[in-house]
> 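Input: one structure, supplied below.
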Amino acid sequence: MRLPPSTSAPRLGDRLAHYRAVPRTLPAVACSMVMGATVLTAGCTGGTPWGATPQNLPQVNLPRLENIPAHIDAGTNAGAQRLAERVRTALGAQPALADVRVEGYEGGLIILSGAVPSPADRTQAVQTARQVVGVREVVDRMGTP
């Protein structure tokens, strides 16, 4: 038994015609989306909404590490290394103390080690290290022959 043509289900070809129309509209939709995005960003110059672009950021002047006072500088690891270098320079000015090894630690602690020619030179090394600005404590691990 066959139904009359007016009440029959849609044919397969009719259903596929609808799906064939979709791909034709997809490029048009994609094109309009790209055009819309172009229009929206046309006035955009970069940066942030509040205007912080690299061209108009304020210049920040950083302090020079060489100009930091020694009593402040000794509390950091890098400051301890600079303090140890200043002690090495002070000891290197005296030929008998040039071979003394110097280690710097945070808080202004200096450890002197190595061999010195005499007990007088040992005392002189400790006194010289204590006179460097920023040194708070000197540990003597030097030996005399």
Side-chain angles (χ1 to χ4, degrees), residues 3 7-145:
L3 296 173
T7 59
S8 67
R11 290 187 302 197
L12 182 62
D14 294 338
R15 282 190 269 160
L16 290 178
H18 171 72
Y19 293 113
R20 283 188 204 123
V22 172
R24 290 184 190 137
T25 60
L26 187 61
V29 170
C31 182
S32 64
M33 288 177 65
V34 168
M35 296 282 290
T38 304
V39 169
L40 287 175
T41 59
C44 198
T45 59
T48 60
W50 52 91
T53 60
Q55 292 81 20
N56 64 5
L57 285 176
Q59 182 66 28
V60 177
N61 294 326
L62 299 175
R64 305 249 340 143
L65 294 178
E66 297 85 21
N67 299 336
I68 297 175
H71 66 281
I72 295 172
D73 194 33
T76 64
N77 191 23
Q81 292 174 2
R82 284 190 289 274
L83 181 61
E85 188 59 37
R86 286 196 298 265
V87 171
R88 277 188 209 99
T89 303
L91 292 175
Q94 303 172 21
L97 305 176
D99 294 331
V100 174
R101 288 189 301 274
V102 179
E103 298 175 49
Y105 293 94
E106 291 182 13
L109 173 66
I110 296 294
I111 297 177
L112 303 176
S113 59
V116 289
S118 68
D121 289 332
R122 183 178 185 167
T123 305
Q124 181 67 32
V126 172
Q127 288 176 355
T128 302
R130 284 189 179 140
Q131 290 174 355
V132 174
V133 177
V135 174
R136 292 190 181 147
E137 187 175 348
V138 177
V139 175
D140 179 9
R141 292 189 179 162
M142 295 178 285
T144 54

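All values below were derived from every heavy atom in this structure, side-chain atoms included, with hydrogens, water molecules and symmetry-related copies excluded.
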> Got a sec, which residues hit salt bridge (Lys or Arg N to Asp or Glu O under 4.0 Å) with E103, two or more places apart in sequence or on another chain?
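Listed in chain order: nothing, the list is empty.
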> Can you measure from CG (D99) to CG (D121) and round to the nearest 0.5 angstrom?
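It is 11.0 Å, given to the nearest 0.5 Å.
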> I want to check something: taking the side chain as every heavy atom from C-beta on, are L112 and L91 in contact at a cut-off of under 4.5 Å?
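Yes, close enough: below the 4.5 Å cut-off.
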> What's the separation between atom CD1 in I110 and atom CG in L83, rounded to the nearest 0.5 Å?
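The distance works out to 4.0 Å.
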> Taking all non-hydrogen atoms of both residues into account, name the closest pair between V132 and R86 and its distance.
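So the minimum-distance heavy-atom pair works out to CG1-CB, 4.0 Å.
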> If I take atom CD from residue E137 and atom CD1 from residue I111, how far apart are they, to the nearest 0.5 angstrom?
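Here the rounded value is 9.0 Å.
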> Under 3.5 Å, side-chain donor or acceptor atoms of residues 138-145 against the rest of the protein: list the pairs with distances, not counting sequence neighbours.
{"from": "D140", "atom 1": "OD1", "to": "R122", "atom 2": "NE", "distance (Å)": "3.4"}
{"from": "D140", "atom 1": "OD1", "to": "M142", "atom 2": "N", "distance (Å)": "2.9"}
{"from": "D140", "atom 1": "OD2", "to": "R122", "atom 2": "NE", "distance (Å)": "2.8"}

> Quick one: list whatever passes side-chain contact (heavy atoms from CB on, under 4.5 Å) with E85, sequence neighbours left out.
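Expected list: R88, T89.
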> What residues form a side-chain contact (heavy atoms from CB on, under 4.5 Å) with Q127, not counting sequence neighbours?
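side-chain contact (heavy atoms from CB on, under 4.5 Å) check on Q127 returns T123, Q124.
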> Restricting to non-hydrogen atoms, name the atom on G104 and the atom on A84 that form the minimum distance, rounded to 0.1 Å.
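Minimum heavy-atom contact is N-CB, 3.6 Å.
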